[in-house]
*Asks:* 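I am attaching a structure below and will ask some questions about it afterwards.
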Amino acid sequence: MAFTNLHLPTLYFFFFSLLLTLLLSTSSIAAESSQLYATLKQQIQDTDSKEPFVGVNIGTDVSNLLSPSELVSFLELQKITHIRLYDADPDILKALAKTKIRVIISVPNNQLIAIGSSNTTAASWVGRNVVAFYPQTLITGIAVGDEVLTTVPSSAPMLVPAIESLYSALVAANLHTQVKISTPNAASIILDPFPPSQAFFNQSLADIVVPLLRFLSKTGAPLMMNLYPYYVFMQNKGVVPLDNALFKPLTPSKEMVDPNTLLHYTNVLDAMIDAAYFSMKNLNVTDVMVLVTESGWPSKADSKEPYATVDNADTYNSNLIKHVFDRSGTPLHPETTSSVYIYELFNEDLRSPPVSEANWGLFYGNSSAVYLLHVSGSGTFLANDTTNQTFCIAMDGVDAKSLQAALDWACGPGRANCTEIQPGENCYSPNNVKNHASYAFDSYYQKQGKAAGSCDFKGVATITTTDPSKGSCIFPGSKQASNVTRQVVNSTHESGAAERLKFIGFNSKRPSGISWLLYVIFVVISPSLLFFTPS
């Protein structure tokens with residue numbers, strides 16, 4: 001039979017049939033193929049688990065909450081790949097099936113005692129909420145309760161028994177390596193958190209914390225911590241600089257230094273994470289990672305919380321996302337970057353006062369953005385990113401004399417473009433020193449490429465992500481953004497997985513049987529078929 005007498009589809013069918021026959025008839029090759037697939041799958045899972053990520057918490061005290069299917073579509077649109085639920089809503093878990101979104105489900109605090117008291121109840125919970133959905137729905141973890149040790153101390157003695165009962169149920173279902181169990185803790189379980197090297201767990205909780213850490217170490221699960229630099233700043237105003245809480249660039253003189261280790265801390269979150277690591281080290285636990293299950297900043301509050309603003313919330317969460325994807329770790333553990341779940345996806349407008357409780361969301365319940373995050377260069381996480389737009393403006397409450405001196409320097413030695421604030425020009429009105437100084441500051445800041453320290457002017461200027469342009473007065477930072485075509489940053493996750501699949505089995509000195517067969521069929525024979533001309 002001559003190849004030239006066959007049509008191309010027939011040739012492909014012939015060789016595919018040959019490949020299938022060889023695979024099915026040769027048990028050793030079939031076994032090797034199975035092992036190859038298992039190895040590949042494990043490599044991909046291992047890599048995914050080691051890559052730091054940013055996820056979101058999804059609370060449901062929201063008016064007109066999206067339906068489960070709409071919610072999942074919204075998550076996919078926003079390129080959110082990790083979520084944490086405060087329960088195990090079956091409708092949401094069903095809607096997540098066959099997506100790439102990984103989910104931590106939760107045991108509500110009011111179910112803790114029942115599960116901790118009965119292995120049967122724990123097994124039933126796992127069967128109903130994990131086994132029924134896995135692996136179509138990628139359940140990666142179970143959060144047992146939420147801040148149990150500090151919010152419901154009466155249930156605390158049942159915490160570890162509940163965790164162990166659930167773990168036994170996962171073992172019985174052969175899911176204990178895929179689904180990790182832990183419990184989210186409030187930062188307040190750690191005392192004397194700064195400097196981090198002096199931190200230690202509240203000793204009154206030792207009867208629970210010690211067996212909990214022992215369990216986490218044994219099972220490879222993380223220590224879940226809810227860490228809020230916002231509250232650290234609010235409770236220590238005058239001691240902790242706002243810029244330090246917001247991840248803003250600091251001069252060396254403003255960095256926090258641990259006097260015992262001489263480690264420099266440029267942001268509050270890293271210090272909080274290291275405080276957890278030092279606390280574990282004090283109990284001889286050094287192999288448990290910290291997972292930040294909650295962190296965020298409110299965008300609105302009453303007069304008692306003046307720093308809960310859209311601008312600060314945008315700055316904190318944008319910088320938090322960049323910080324995680326920079327993979328720089330912490331001063332104590334630069335090799336290990338904790339993943340973080342932002343609190344939270346939606347403003348929960350049904351929450352009880354104070355006002356801030358209802359305003360931690362990135363989005364309103366109708367899915368419109370509360371503010372546009374500035375996370376360009378951090379992969380494709382969150383599609384509501386705009387550009388990396390920042391502006392330099394005059395701070396509130398600064399006296400006119402100081403502002404005038406800074407304005408004179410910017411328009412003189414600083415060589416800022418101050419044409420637009422001259423009489424008759426677009427930014428002359430309102431004619432006051434603060435308005436003119438803001439324009440001049442931003443001109444200088446943009447000319448300096450937004451370099452660290454270029455928005456200071458002896459402490460009278462501040463960086464903002466809110467465009468100060470009004471009407472016909474367009475600030476330099478806004479002009480630059482409009483002249484730049486936005487580039488979409490491609491995610492590397494899928495291509496990375498493809499690279500791991502590509503040539504697997506060929507990178508060893510002795511290629512396997514299945515590798516040679518696949519090589520011959522797909523690398524040698526298949527391309528050559530393209531040159532046969534059907535008669």
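These numbers come from the heavy atoms of this one structure, side chains and all, not from hydrogens, waters or symmetry mates. Note that the numbering runs from 1 along the sequence shown for the chain.
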*Asks:* Any side-chain heavy-atom pair from Phe194 and Val240 closer than 4.5 angstrom?
*Replies:*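 Phe194 vs Val240: side chains apart.
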*Asks:* Donor-acceptor check, side chain of Thr315 to backbone of Asp311, threshold 3.5 angstrom: yes or no?
*Replies:*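 Answer holds: yes.
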*Asks:* Taking atom CG of Asp287 as the centre, report whether more than 12 heavy atoms of other residues, nucleotides or ligands fall under 6.0 Å from it.
*Replies:*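 Yes, CG of Asp287 has more than 12 neighbouring heavy atoms, counting only those of other groups under 6.0 Å.
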*Asks:* Are side-chain heavy atoms of Ile342 and Ile321 found at a separation under 4.5 Å?
*Replies:*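 Answer yes - side chains close enough.
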*Asks:* Among all residues two or more places apart in sequence or in another chain, which pass the ring pair (Phe, Tyr, Trp, His ring centres under 6.0 Å) test with Phe247?
*Replies:*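 Testing Phe247 for ring pair (Phe, Tyr, Trp, His ring centres under 6.0 Å), a comparison that skips the adjacent residues, returns Tyr316, His323.
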*Asks:* With sequence neighbours left out, what residues match Tyr343 under ring pair (Phe, Tyr, Trp, His ring centres under 6.0 Å)?
*Replies:*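 If we apply the ring pair (Phe, Tyr, Trp, His ring centres under 6.0 Å) test to Tyr343, skipping adjacent residues, the hits are Trp360.
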*Asks:* Without hydrogens or angle criteria, can the side chains of Ser204 and Asn202 be said to hold a donor-acceptor pair below 3.5 Å?
*Replies:*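 Per modelled atom types, Ser204 and Asn202 side chains form a pair under 3.5 Å.
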*Asks:* Identify, with sequence neighbours excluded, every residue that meets side chain to side chain donor-acceptor pair (under 3.5 Å) alongside Gln111.
*Replies:*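 With neighbours one apart ignored, the set is Trp125.
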*Asks:* The criterion is salt bridge (charged side-chain N to carboxylate O under 4.0 Å, His left out); which residues satisfy it with Asp396, sequence neighbours excluded?
*Replies:*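 Only Lys434 meet the salt bridge (charged side-chain N to carboxylate O under 4.0 Å, His left out) criterion with Asp396.
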*Asks:* Donor-acceptor pair, distance only, cut-off 3.5 Å: does the side chain of Ser469 make one with the backbone of Phe475?
*Replies:*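 Yes; at least one donor-acceptor contact below 3.5 Å.
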*Asks:* Is there a donor-acceptor pair closer than 3.5 Å between any side-chain N or O of Thr137 and the backbone N or O of Leu93?
*Replies:*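 Checking the backbone N and O of Leu93 against the side chain of Thr137, a donor-acceptor pair under 3.5 Å is found.
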*Asks:* Within the structure provided, determine whether Thr293 and Asp146 are in side-chain contact (heavy-atom separation under 4.5 Å).
*Replies:*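 In short, these two side chains do not touch, never coming nearer than 4.5 Å.
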*Asks:* Can Glu76 and Lys100 be counted as an ion pair, charged N to O under 4.0 angstrom?
*Replies:*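 The answer is no: the pair does not qualify as a salt bridge.
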*Asks:* With sequence neighbours excluded, tell me which residues meet ring pair (Phe, Tyr, Trp, His ring centres under 6.0 Å) with Tyr277.
*Replies:*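 Applying ring pair (Phe, Tyr, Trp, His ring centres under 6.0 Å) to Tyr277 gives His333.
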*Asks:* Taking only residues two or more places apart in sequence, or in another chain, which ones meet Phe233 in a ring pair (Phe, Tyr, Trp, His ring centres under 6.0 Å)?
*Replies:*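 Counting only residues at least two positions away or on another chain, Phe233 forms a ring pair (Phe, Tyr, Trp, His ring centres under 6.0 Å) with Tyr307.
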*Asks:* Would the distance check show the side chain of Asp442 and the main-chain N or O of Gly477 forming a donor-acceptor pair, the cut-off being under 3.5 Å?
*Replies:*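 Here the side-chain-to-backbone pair exists.
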